[in-house]
Amino acid sequence: MHALVVRGGTLVTPTDIFVADIGIDDGVITAWGGRLAGRRTLDADGLLVIPGAVDPHVHLEMPVGPTQSSDDWATGTRAAAVGGTTTLIDFVEADLGAALLGALAARRAQADGRAVIDYGLHMTLREMTPATLAEIPAVVAAGCPSFKTYLTYAGFYLDDSTFIQALEAVGKAGGLVLVHAENHGLVEHLRRRLPAEGHTGPRYHALSRPVAAEAEAIERATALAEATGCPLYVVHVSTARGAAAVARARARGQTVYGETCPQYLLLTEAELDRPGFEGAKFVCSPPLRPAGNGEALWAGLAASSLQTVGTDHCPFFYQGQKELGREVFTGIPNGLPGIETRLALLHTFGVGAGRLSLNQWVQVCCANPARIFGLYPRKGTLVPGADADIVLFDPQATVTLTKDRLHENVDYTPYAGLTLRGYPHLTLARGEVIAAEGNYVGPAGGGRFLARPL
Ligand code: URP
Ligand code: ZN
Ligand code: ZN
């Protein structure tokens, strides 16, 4: 007799689809099969039963210039849970000169007791001092074997030789480097030149970060990863050319992974032309792209040359935050909300539109992020022994997205007005129902830090 049985749903794993019951005890999946007995049951007849989704790229409470991203660990993880995400990985950003392990402890202290789902942390490398080099193995041992690097952004940018040092050190420690790849020189030049020419509106944000900036930087990053032998994960690939560069590196035999995001799959740069200052709602980096790039990204996911869909959730209120850039686009904080909508968007516009199979949907949203970041099979699939992080997904539900239906702490959604076919019905985290029919119903702060091996 199991403590809980999820009865009669259609299980979708990364590889299989079949009707079965799932038995759960002490927060762990302990059995699957026909007609299991349980002290409690959840009826999943007519529903898809999938692993809780894993979001490998979010920014909660992230300081950005004079402000910070508007979702905190409580609001952001609640929104994630309602949207079917039961694990996320955020970042640690140590101050320059500060110890990495100290910053890791502080970030964990910020999340613990507030996060409602399990979380991991990537360590951001802003510099490569002797102290940084010395700390990398200890950071890996502390459960953070993935290191974020930026090839642009003042205060974060690593030049080539510093990036190479990061690749060497992380590779030697058995870790994985994540890279935000845009050509810093080109972006900085255009961020100076365009406003000086009087081009100040949100549209010029995209023109200051052209396709070539990403294409060049991904090509360079993969080449330097090749030279150093370090595994590389390219975050938020937004262009056909970027996706092709990732595919070429993989074809050379490198361990290189590519992530894209719903905004690059579904939206285009045309959003930046909205009347008045509304385009600011769509300012993110890399920027939204010309039509055509999205289809190439879908094709990359379908061909497995891109492996994951992360959200890069980095929300800012339009009023009072995005408005910081009313005078000139360089003042608009970069980032879009999306922590709650990824799974359902990928179902409608991936599975429903015939671009992805159900198994591929589970691969890119659940299993592949878990695998790449050392969480599989505890997270990202449905097997005995895995955490009972499970989503009962109603493939027939019809939902029109509005800001008011979502739980993200922000005053808009970039996906307003889209009608979705299929939506999360129930979310279980370690065997407890934490979200039901669009509401968070779990306890406060039950999420745990996940120390990850790679
Ligand atoms: O515009 C974005 N993506 N902001 C978040 C930080 C980053 O570059 O991922
Ligand atoms: Zn980035
Ligand atoms: Zn990001």
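Remember, it's 1-based here, ligands and their atoms both numbered in the order they're listed.
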Write out the residue and atom name of the closest protein heavy atom to atom 9 (O) of ligand 1, then the distance separating them to 0.1 Å.
Asp312 OD1, 3.1 Å
Could you find the nearest protein heavy atom to atom 6 (C) of ligand 1 and give me its residue, atom name and distance?
His59 NE2, 3.6 Å
In total, how many protein N/O/S atoms does one find closer than 2.8 Å to the Zn ion (ligand 3)?
3
Within 45 degrees of the axis of the six-membered ring of Phe156 and under 6.0 Å from its centre: does Arg126 put its NZ or CZ there?
yes
Just list the side-chain donor-acceptor pairs under 3.5 Å for residues 171-180, sequence neighbours left out, or say none.
| unit_1 | atom_1 | unit_2 | atom_2 | d |
| --- | --- | --- | --- | --- |
| His180 | ND1 | His236 | NE2 | 3.0 |
| His180 | NE2 | Glu182 | OE1 | 2.8 |

Find all atoms of ligand 1 within a distance of less than 4.0 Å from any non-hydrogen atom belonging to His236, and give their numbers and elements.
8 (O), 9 (O)
Test: Arg405 cationic atom under 6.0 Å from Tyr423 six-membered ring centre, within 45° of axis:
yes
Mode of Asn334 contact toward ligand 1 - side chain, backbone, both, neither (heavy atoms, under 4.0 Å)
both
Does the structure place the NZ or CZ of Lys403 under 6.0 Å from the centre of the six-membered ring of Tyr412, at an angle of no more than 45° from the ring's axis?
no
Among non-hydrogen protein atoms, atom 2 (C) of ligand 1 lies closest to Ser285 O, 3.5 Å
Partners of Thr400 by side-chain contact (heavy atoms from CB on, under 4.5 Å), sequence neighbours excluded?
Thr419
His122-Asp90 side chain donor-acceptor pair, cut-off 3.5 Å
no
Heavy-atom distances under 4.0 Å are what count here, so tell me which part of Cys284 touches ligand 1: side chain, backbone, both or neither.
both
Please find out if less than 6.0 Å separates the ring center of Tyr440 from that of His407.
no
Ranked by distance from atom 8 (O) of ligand 1, the top protein heavy atom is Tyr153 OH, 2.7 Å
Which atoms of ligand 1 sit under 4.0 Å from any heavy atom of Cys314?
5 (C)
Looking only at distances, please establish whether an N/O atom of ligand 1 is found under 3.5 Å from an N/O atom of His180.
yes
With respect to Asp118, which candidate in Asp387, Thr86, Leu375 satisfies the side-chain contact (heavy atoms from CB on, under 4.5 Å) definition?
Asp387
Tell me whether Lys281 forms a cation-pi arrangement with Tyr318, defined as NZ or CZ under 6.0 Å from the six-membered ring centre and within 45 degrees of its axis.
yes
Among residues at least two apart in sequence or on other chains, which ones pass side-chain contact (heavy atoms from CB on, under 4.5 Å) with Val211?
Thr239, Arg241, Arg289, Pro290
Any nitrogen or oxygen of Lys148, side chain or backbone, less than 3.5 Å from one on ligand 1?
no
